[in-house]
Student: 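I have a structure I would like to understand better, so I am pasting it below and will then ask my questions one at a time.
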Amino acid sequence: EWLYFINNLPLTITPEQMAELDATYSLTQSGNSEIAHAWYLLALKTGYQEIAAPLEQYLINIGRRKLIIPLYRQLASTPEGLAFARAVYEKARPGYHPLAQGTVDEILK
């Protein structure tokens with residue numbers, strides 16, 4: 001239900017509305033990797049900036065390709081996001097499977 005809710009929020013949602021949802025439902029702090037992935041991806045697409053530190057920890061601790069690759073791709077779509085992604089990936093890379101490393105290496109080159 002949470003995934004359906006997050007995945008069907010419009011990309012026109014404002015950062016203020018994202019903050020209100022986050023304050024109400026603590027989505028940035030979700031312990032569920034799938035929900036956190038959907039929330040972080042939406043936050044990146046809508047410009048919600050309050051996820052930087054939790055996103056960094058998520059990318060360092062989660063190594064599943066299906067959960068990290070879309071986030072790295074979205075981060076790499078802007079110069080600021082690419083710089084952030086490269087800094088985080090430097091810390092996270094040793095914990096990733098070689099297939100995930102190869103995919104992220106390609107995205108961030």
Student: Which heavy atom in G63 sits nearest to a heavy atom in I68, and how many Å separate them?
Tutor: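 Taking every non-hydrogen atom into account, O-CD1, 3.9 Å.
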
Student: Is E106 paired with R73 through a side-chain N to carboxylate O contact shorter than 4.0 Å?
Tutor: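 Salt bridge flag = no for E106 with R73.
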
Student: Applying side-chain contact (heavy atoms from CB on, under 4.5 Å) to L44 and I51, what does each step give before you reach the verdict?
Tutor: CA-CA 8 Å; L44 291 171; I51 60 154; 4.0 Å; yes

Student: In the structure I gave you, are the side-chain heavy atoms of K66 and E34 within less than 4.5 Å of one another anywhere?
Tutor: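 Answer yes - side chains close enough.
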
Student: Got a sec: does the CD of Q17 have more than 12 other heavy atoms crowding it under 6.0 Å?
Tutor: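 Atom CD in Q17 is crowded, with more than 12 foreign heavy atoms closer than 6.0 Å.
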
Student: Is a donor on one side and an acceptor on the other found under 3.5 Å between the side chain of E90 and the backbone of A87?
Tutor: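 A pair under 3.5 Å: no.
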
Student: Quick check: is L67 connected to Y4 through a chain of hydrophobic side chains (ILVMFWY, heavy atoms under 4.5 Å apart)?
Tutor: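 The answer is no; the residues belong to distinct hydrophobic clusters.
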
Student: Strictly distance-based, threshold 3.5 Å: is any side-chain N or O of S30 a donor or acceptor partner for the main-chain N or O of L27?
Tutor: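 Pair absent, no side-chain N/O of S30 close to backbone of L27.
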
Student: Within the distance-only criterion (no hydrogens, no angle test), does the side chain of S26 pair as donor or acceptor with the backbone N or O of Q29 below 3.5 angstrom?
Tutor: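 The answer is no, because no donor-acceptor pair under 3.5 Å joins these two groups.
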
Student: Would you name the heavy atoms of A92 and I60 that are closest together and state the gap between them?
Tutor: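 A92 and I60 have their closest heavy atoms at CB-CA, 3.8 Å.
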
Student: Look at the side-chain heavy atoms of Ile, Leu, Val, Met, Phe, Trp and Tyr, link any pair under 4.5 Å apart, and say whether L108 and L99 land in one connected group.
Tutor: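 Hydrophobic grouping puts L108 apart from L99.
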
Student: Provide the closest heavy-atom pair for T28 versus Y40 in the form atom of the first, atom of the second, distance.
Tutor: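 The answer is O-OH, 2.9 Å.
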
Student: Evaluate side-chain contact (heavy atoms from CB on, under 4.5 Å) for I6 paired with L21, printing each intermediate quantity in order.
Tutor: CA-CA 10 Å; I6 294 167; L21 284 172; over 6 Å; no

Student: How would you list, by chain and number, every residue that makes a side chain to side chain contact (heavy atoms under 4.5 Å, CB included) with T78, sequence neighbours excluded?
Tutor: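 By the side chain to side chain contact (heavy atoms under 4.5 Å, CB included) rule, T78 matches E80.
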
Student: Within a strict 4.5 Å, meaning less than it, do heavy atoms of the W39 and W2 side chains meet?
Tutor: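 Contact flag for W39/W2 side chains = no.
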
Student: Go through the steps for R65 and T103 under the test side-chain hydrogen bond (donor to acceptor under 3.5 Å, both in side chains), then give the verdict.
Tutor: CA-CA 8 Å; R65 287 180 73 223; T103 305; 2.9 Å; yes

Student: If you measure from CG on L55 to CD1 on I62, what distance do you get to the nearest 0.5 Å?
Tutor: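 Rounded to the nearest 0.5 Å, the CG-CD1 separation comes to 11.5 Å.
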
Student: When rounded to the nearest 0.5 angstrom, what distance separates CD in Q49 from CE in M18?
Tutor: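 Rounded to the nearest 0.5 Å, the CD-CE separation comes to 11.0 Å.
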
Student: Which class fits the ring pair Y89 and Y96: parallel under 30°, tilted 30 to 60°, perpendicular over 60°?
Tutor: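 Rings of Y89 and Y96: tilted, 30 to 60°.
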
Student: Check whether any side-chain N or O of N61 sits under 3.5 Å from a backbone N or O of Q57 as a donor-acceptor pair, and report yes or no.
Tutor: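 Checking the backbone N and O of Q57 against the side chain of N61, a donor-acceptor pair under 3.5 Å is found.
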
Student: Quick one, D22 and Y25 - any side-chain contact, counting heavy atoms below 4.5 Å?
Tutor: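 A side-chain contact is absent here, since even the closest heavy-atom pair is not under 4.5 Å.
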
Student: Checking R93 now: which residues fulfil salt bridge (charged side-chain N to carboxylate O under 4.0 Å, His left out) with it, not counting sequence neighbours?
Tutor: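 Partners of R93 under the salt bridge (charged side-chain N to carboxylate O under 4.0 Å, His left out) test: D105.
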
Student: Determine the minimum heavy-atom distance between Y58 and A36, stating which atoms define it.
Tutor: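 Heavy atoms only, the tightest pair is CE1-CB, 3.8 Å.
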
Student: Would you check, one step at a time, whether the test side-chain contact (heavy atoms from CB on, under 4.5 Å) holds for L82 with L75?
Tutor: CA-CA 5 Å; L82 183 58; L75 283 165; over 6 Å; no

Student: Around atom CZ of F84, are there more than 12 heavy atoms of other residues, nucleotides or ligands at under 6.0 Å?
Tutor: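 Enclosed: over 12 neighbouring heavy atoms sit under 6.0 Å from CZ of F84.
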
Student: Are the side chains of R64 and H37 in contact, using a 4.5 Å heavy-atom criterion?
Tutor: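 Sidechains of R64 and H37: no contact.
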
